[in-house]
Structure formats: C-alpha cells, structure tokens
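First up is the structure itself, then whatever we jot down about it.
So that the names make sense, note that chain A is the first sequence line, chain B the second, and so on, each numbered from 1.
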Amino acid sequence: MKAAEDSIVTTAVDEFLAWGKEHSLFYLLFATACCGIELMQTGGPRYDVDRLGMIPRATPRQSDLMIVAGTITHKMASRVRTLWEQMTEPRWVVSMGSCANSGGPFSKWSYSVLNGVDKYIPVDVYIPGCPPRPEALIDGVMALRERVRRYRTLGIRDRDPYVVAGHEAPFGSHPGKEREATR
Amino acid sequence: MSSDLLIENQHGERMRLSMGPQHPATHGVLRLLIDSDGEVVSRAVPDQGYLHRAIEKIGECVEWAQFVPYTDRIDYVCAMNANLAYCVAVEALLNSDPATAVRVPRRAECLRVIVAELNRISSHLIAVGAMAMDLGAYTPFLHGLAQREAVNDIFEKLCGQRLTYNYVTIGGVAFDLYPGAEQEIASFLDRFEEEFRRFNQLITNNRIFRERCAGVAPVSAEEAIAWGLVGPNLRASGVDWDIRRDEPYGIYGELGVRVPVGRGYAGARGRVGDCYDRYVVRLLEIEESVRLIREALRLLPPKADKPSDPLGGHQADVGKQLRKPPRGEVRVRTEAPRGEMGYVIVSDGGKQPYRVRCRTGSFSAVGIFEHLMRGIFLADIVTIIGSFDIVVPEIDR
Amino acid sequence: MSALPFSELAARIRARFPAVAERMSENRQPWLLVPAADLLAVCQLCRDDPELDFASLCDLTGWDLLRYPAQPPSDAIVVAYYLHSLRHRHHLTLKALAPRACCTLPSVSAIWPAAIAFEREVYDLLGVQFSGHPRLTRILLPEDWEGHPLRKDYAYPAAYHGVPHARAGQWFEDGPARAPAGAAPPAGGAA
C-alpha cells in the first residue's frame with residue numbers, strides 16, 4: 001500500500017471528496033442494548049449530532065458509519081458482520097461502550113456474549129464507558145472525522161484503532177483539536 | 001440458513017419476510033419472521049435471544065450486592081425500577097428469618113418512590129415517543145427525549161450516572177439527596193406538566209395517529225390474563241390491577257395509587273385494549289407518577305443534621321446479613337413501567353444467590369405477538385410492537 | 001371474591017388429588033409438590049374451580065437442585081408454577097420435579113397460553129422436555145447451542161462457530177478471528 005501511496009498523485013478532488021465525507025457521516029441506526037439509548041439521546045435535542053452532518057439511516061447500504069452500540073452476543077455476531085459487509089466503502093466502525101469493546105461486565109461470567117466486536121469487524125474508534133456519555137461519543141466521532149479527512153481513494157486509511165481517552169489522548173482532546181491548535 | 005433469506009418467494013403468492021434483528025421499529029434486536037400474502041400478514045413468529053446476555057447465570061456467580069448493577073442492564077430504560085425490584089426481593093428473603101431482618105429507613109423508602117416514579121416518567125416518555133416515531137411522527141419523540149434529559153440531569157447529580165444508576169441498594173439507597181434536590185425535582189414537575197400538555201396537543205389527539213391505532217389488535221381482558229400480560233398492557237385491556245396498589249411494597253400502600261384502565265379511548269372506532277388504549281394508559285400513568293412524586297416529597301422525613309447512623313440514615317447495614325442469608329426461597333413482585341418485574345430468589349445460605357430468576361413484562365408481551373399478528377396489515381405490526389413497549393434485554397436478559 | 005389461605009387451597013386440591021404433598025421451604029414459604037402424573041389435572045382444577053380460579057400464571061421457572069444442600073440430596077430439576085387469582089387475590093406455588101435421567105414433564109401450555117414462552121425458556125436454559133408443547137425449540141440461545149446453561153454442571157464452551165470465547169490474544173483479521181496459538185496481538189488490537 002505504501003508503494004501505491006508514493007506512485008499516485010493525490011489531487012484536490014480527492015481532498016474535496018474526503019471533506020465532503022467528513023461532513024456527512026451518515027450512521028447506521030443500529031442499537032442493541034443500553035448504549036442505544038445514549039446513542040438516541042446523542043441524536044436528540046440536547047446533543048444534536050445532526051449539526052455534525054450525522055443523520056441516522058435505517059439501512060446499511062446508505063450509511064458510512066456503524067456505531068456498534070451495545071452488547072453483541074454470539075447469536076447476533078454473524079448479523080453484525082452481514083450488516084458491515086452490506087455497507088459501502090469507505091466504511092467506518094465505532095465501538096461504543098465496554099460491551100462492544102471487550103464484553104464489558106459480561107465478559108467473565110456470561111457464556112453467550114461475544115467478547116469484543118472486533119473479533120468480527122475491524123474497529124476504528126473505541127469508546128469506553130458503560131454506557132459512555134454522549135460527550136464521549138461525540139469525542140470519538142470527532143476523532144473519526146480526522147481519519148475520514150485523511151482517507152484517500154484506493155482505500156488508503158489509518159489502520160491503528162483510536163481509543164477515546166486512551167493514555168496518549170487525555171479526555172477531551174483528540175487529534176483534530178491538536179491540529180486546529182497548530183494550524 | 002434458508003430461513004434467513006431475506007425474501008423467499010413461495011409460488012409467487014406467499015412471501016416470507018425477515019424483519020430484524022436490525023430494524024429501526026423493533027426497538028432493538030427483536031426479529032420477526034413474517035409470512036405474508038401481499039399486505040396481509042398470515043403469520044408472524046418472533047425470534048428473540050439476540051441479546052441474551054446470561055444475566056440469570058451471572059446472578060449465580062456474583063455476590064448478593066454485586067448483582068445490583070446487572071439489574072440495571074436488564075432494563076436500562078427504567079434502571080431504578082429494576083434495581084428496586086431486586087433489592088425488594090432480597091430484603092424479603094432477609095426478612096423471612098427474624099435473625100437477619102433488615103429495616104429500610106423511612107427516608108430511603110421515600111427516596112426510592114421518588115426515583116422509581118421519576119424513572120417511570122422517563123421510561124414511558126421513551127415508550128410513547130418511540131411508538132409515535134414508528135408511526136412516522138418524529139417530533140414527539142424529540143420532545144420526549146428533551147424531558148428525559150431533564151430527568152437524567154437529576155439522576156446524574158444524585159448518583160453520577162445517566163442511564164445505569166446502581167442507586168437503590170439492598171437496605172436503602174446509595175446516596176442521600178444532594179442540596180437543593182427537592183426544589184429541583186418540584187420545579188421539574190411543574191415544568192414537565194406544561195410540556196406534557198404540549199406533547200398531548202402534538203400527538204395524542206392527532207387524527208392520523210389516532211386512526212392508525214384505533215381498533216388495531218385489541219386484547220380482551222380474558223386473553224390478556226391468560227397470555228400473562230402485565231402492567232400497562234394488562235390495564236389497557238380493562239383489568240384493574242396494579243401491584244403498587246394491590247400488593248404494596250415500600251410506602252406505596254400509604255400513597256393511594258390511582259390506577260388508570262383502558263376504556264376504548266379512541267372513540268367510535270376504538271375498542272378496549274387496542275393499541276390506542278395501551279398508549280393512553282401510559283400517558284395517564286405519567287400523570288399519576290407526577291402526583292406520586294409530589295406526595296412522596298411531602299412525606300420525605302427531614303435529613304438528620306448529624307446522623308447518629310454512620311451510614312447516613314439512608315441505608316441500613318446489611319453486610320452481616322448478606323454474608324449469611326437464610327436458606328430458602330422468595331418470590332416478590334414489583335410494578336416496573338413495563339409491568340410486573342418479579343424475582344424468584346433461591347438461597348442456599350451462601351454468599352451468592354443459588355438462583356435468580358427475573359420475570360419481566362416484555363417477555364410475555366412478545367409471547368402474545370404470534371397470537372395477535374394474524375390477518376392484520378403489515379404496517380400494523382409496527383403499531384403493535386410500539387404499543388406493547390418492549391425493551392429487548394428485558395425479553396432476553 | 002374471598003382470598004383463601006394456603007391451608008384451604010391445599011385442602012381443596014388434596015381432596016381430589018391425595019398424591020399432592022404440602023411442603024414448606026426453609027424460610028417458611030408454603031408450596032405444593034405435585035407428581036408429574038397429576039400435574040395437568042391439578043393445573044386444570046386450579047384454573048377451572050370457581051373457588052380457586054387461578055386464571056393467571058404469573059411465572060413459570062425452574063432451577064437445578066444438584067448443588068442445593070437439600071435433605072435428602074437430589075439432582076432433579078425443579079419446575080415451579082406461580083399461580084395468581086385476580087378475582088380472589090390469592091396465590092399458590094406448585095412445584096414438580098423432573099429427574100435428570102428422564103427430564104420430562106407435561107406441558108401446561110394448553111391451560112395457560114402464557115406457558116408457551118415460559119416453557120420454551122425453561123427447556124432452553126435447563127433442559128426440561130415438556131411433552132405436548134406446540135413448539136419446543138430454543139428461545140434465547142441459537143439452535144445449535146450445546147448444553148443447558150443454567151444447569152449447575154454446565155461447562156462453558158471454549159468457542160462458538162470457531163470464535164473463541166476468551167478475550168485474550170484475539171483480534172480481527174479480515175474475517176472472524178481464528179488466531180494462531182501463541183501469536184502476539186497487533187498494537188492496539190486488544191484495547
């Protein structure tokens with residue numbers, strides 16, 4: 001992929017497309033459990049993610065972003081994979097909440113919970129919390145927007161997952177913010 | 001995987017449709033397998049279990065008090081009521097032996113009613129708002145969410161969480177009220193009543209909404225009882241039964257709960273126990289909850305200046321009792337927003353429960369779906385799912 | 001229109017079915033032990049007798065007695081029926097034992113349709129077969145799941161459809177994860 005990056009001249013069109021994608025991240029209305037309520041409230045009147053260009057879509061074929069909100073069980077996991085495969089490239093995945101990250105409170109004693117959705121689909125942003133606050137979700141989305149901006153045709157994209165409030169990023173700061181500051 | 005094919009044409013006439021598990025109108029990950037003949041549904045079979053998280057098994061692995069956070073996740077839309085149901089059941093187990101009896105402080109009992117009824121309001125707001133959203137009216141849902149945020153603010157100041165509270169504990173509540181909470185709750189109620197009137201103007205008397213719900217899937221009282229419906233779904237069929245009034249726990253016996261029942265509110269085309277009745281009964285319960293909170297605030301005993309009790313007077317000390325609870329079993333029922341939340345708790349005298357069983361309202365509501373969804377229109381399925389107010393982890397646990 | 005105490009409820013049922021036994025749990029909760037052969041007839045009587053009038057089945061559940069310190073020790077599965085009369089406002093608990101070797105009980109779903117879902121759940125999680133049930137399939141777990149998890153001797157599965165149950169050392173790799181043993185996870189994969 002490195003070679004392709006070197007040999008292809010990126011143009012303003014590519015940047016323009018990325019800019020457009022960044023500001024219209026349509027997300028799949030996909031909620032399994034508790035985090036789904038927080039996802040709904042994030043789309044609700046107070047947090048209002050519509051202002052970020054995020055509009056819920058009922059079908060995976062129209063969405064760019066899958067927010068895995070809630071526990072994924074073994075029975076559900078293959079359906080999540082199917083949904084992810086139905087989304088068109090470039091597609092992005094945010095794992096919201098401890099259950100989707102790692103099985104959360106169910107990881108130890110539950111026989112039926114999948115311990116982390118990343119066993120089935122690749123995850124771009126992890127958001128810890130049980131459930132995460134809407135602010136944390138927005139924080140993760142802002143970090144994701146930075147990746148969407150760096151996305152280039154031919155599938156050149158960041159591969160390492162980003163963790164909200166991970167040790168390299170104190171809570172409330174994300175790569176986008178730092179970039180704004182150094183501009 | 002043949003039954004999982006999205007559309008399976010059978011001789012060009014009958015069609016099998018898989019609705020869910022990812023579908024915006026199934027309120028989570030419920031799946032319905034629908035056999036339809038054109039627009040008419042000949043059979044719809046619910047397929048649940050996509051969110052079976054083994055919470056009952058976890059109950060056997062953790063200690064008595066450690067299970068309280070898991071009850072939050074059984075029903076996250078009304079986590080306070082879910083906490084309360086388990087704690088009341090464990091207290092009943094402890095009280096069945098005089099040696100381990102526990103007396104919940106009166107202030108904690110009042111606080112429990114306040115938080116449980118506040119959460120009932122916010123839960124019913126999601127229920128009626130989501131039902132309206134499923135029928136194509138997005139605005140009432142947003143109004144409901146705005147009010148829910150106000151309740152969440154109060155809870156967040158009270159216990160630090162917006163959704164999964166872990167507030168009600170065995171023997172009391174985790175925290176006392178924060179300074180100024182009583183005024184804040186009272187002013188929220190005043191504001192809420194006004195907003196609630198606006199909500200009703202917006203949707204309840206809306207003609208399109210009413211026509212889509214009136215006479216759809218009526219459940220007679222006998223059917224509702226036989227199929228094990230509980231809570232608002234049972235009352236909408238005209239059965240006058242509310243556990244808060246008829247088998248009171250806590251201080252509900254003193255509050256004089258008034259119980260609304262379904263009467264065919266939709267007018268000429270409505271029938272008792274139809275979708276509109278189930279909707280209206282929830283609205284009437286919201287009004288009743290507002291009254292109960294005011295009543296409980298009035299009954300709330302003053303906070304001790306310097307509590308003689310090291311636990312602050314809102315929590316009984318149950319540490320010793322929970323290390324050696326009595327052996328045996330109890331079954332306790334409480335009234336959650338989605339109806340009876342009944343716990344069967346079996347104890348072998350150890351530090352962990354031997355068996356925790358949670359009986360929930362959504363589980364039996366899904367049980368009746370196959371019976372109701374025959375010979376109706378495809379679009380009415382959404383109305384029925386919305387009107388029963390199912391929450392998927394309550395079905396699957 | 002009058003609630004009957006447990007002793008009178010029990011007497012009414014035992015007059016017709018002498019094999020039904022009155023029992024008391026350790027914390028003094030009374031219940032009736034019904035032999036499997038009489039279960040259907042007792043339930044029918046409970047629903048149809050106007051003095052009993054148990055029109056609603058509040059709950060139907062069960063538990064495994066394998067580890068319970070009961071006297072005498074038993075390895076049977078208890079199935080408990082919690083009945084309630086909305087007219088008379090009284091309660092009754094019936095229990096039936098399904099031995100582990102031949103784990104079968106008659107289904108009461110023809111008497112209370114609410115039992116259709118409850119019995120499927122008990123079958124799914126505890127493995128009790130209900131004869132005469134209209135559709136006794138798994139309700140919560142996938143059809144191809146092995147074992148009945150709420151039994152006390154249930155062993156947790158190591159993997160389901162090739163996806164290991166444990167968290168450690170697993171990550172996504174272009175498809176459902178099948179990690180080679182001993183491989184190190186990539187950076188950030190197991191965040």
Looking only at A:A58, A:A77, A:G70, A:S112, most heavy-atom pairs under 4.5 Å shared with chain B are made by A:S112

Pairwise side-chain contact, A:I121 with A:M66, heavy-atom cut-off 4.5 Å (strictly under):
yes

For a side-chain hydrogen bond (donor to acceptor under 3.5 Å, both in side chains) check, start with the C-alpha distance between A:N115 and A:S102, then their side-chain angles and the critical distance, and finish with the verdict.
CA-CA 5 Å; A:N115 288 334; A:S102 68; over 6 Å; no

Mutual orientation of the aromatic rings belonging to A:W19 and A:H23 [parallel < 30°, tilted 30-60°, perpendicular > 60°]:
tilted

Any chance you could measure A:Y120, atom OH, to A:M76, atom CE, to the nearest 0.5 Å?
12.0 Å

Toward chain A: residues of residues 63-76 of chain B with heavy atoms under 4.5 Å
B:Y70, B:R73, B:Y76

Side chains of B:R357 and B:Y343: is there a donor and an acceptor less than 3.5 Å apart?
no

Let me know if B:E60 has heavy atoms under 4.5 Å from chain A in its side chain, its backbone, both or neither.
neither

Are there more than 12 heavy atoms of other residues, nucleotides or ligands under 6.0 Å from atom CD of A:E89?
yes

Taking atom CZ of B:F196 and atom CD of B:Q201, what is their separation to the nearest 0.5 Å?
11.5 Å

Within-4.5 Å side-chain heavy-atom neighbours: B:I154 and B:E184
yes

Among A:I67, A:V94, A:D139, which one satisfies side-chain contact (heavy atoms from CB on, under 4.5 Å) with A:L144?
A:V94

Taking every non-hydrogen atom, the tightest pair across A:P45 and B:L142
CG-O, 3.5 Å

Chain A heavy atoms under 4.5 Å from B:R53: which part of the residue, side chain, backbone, both or neither?
both

Relative to chain A, which of B:E149, B:H52, B:K57 shows the most heavy atom pairs under 4.5 Å?
B:E149

Where along residues 24-35 of chain A does a heavy atom come under 4.5 Å of chain B, listed by residue number?
A:L28, A:L29, A:F30, A:A31, A:T32, A:A33, A:C34

Partners passing ring pair (Phe, Tyr, Trp, His ring centres under 6.0 Å) against B:H124 (at least two apart in sequence or in another chain)
none

Classify the side-chain pair A:D14/A:Y151 by whether it contains a donor and acceptor separated by less than 3.5 Å.
no

Run B:R191 and B:E195 through salt bridge (charged side-chain N to carboxylate O under 4.0 Å, His left out) and show every step you take.
CA-CA 6 Å; B:R191 210 168 55 240; B:E195 286 287 334; over 6 Å; no

Looking at A:L83, A:T59, A:T82, A:I37, which has the largest count of heavy-atom pairs under 4.5 Å with chain B?
A:I37

When rounded to the nearest 0.5 angstrom, what is the spacing between CD in A:E135 and CE in A:M142?
13.5 Å

Taking only heavy atoms into account, what residues of residues 383-397 of chain B are found under 4.5 Å from chain A?
none

Nearest heavy-atom contact between B:P46 and B:F369 is CG-CB, 4.2 Å

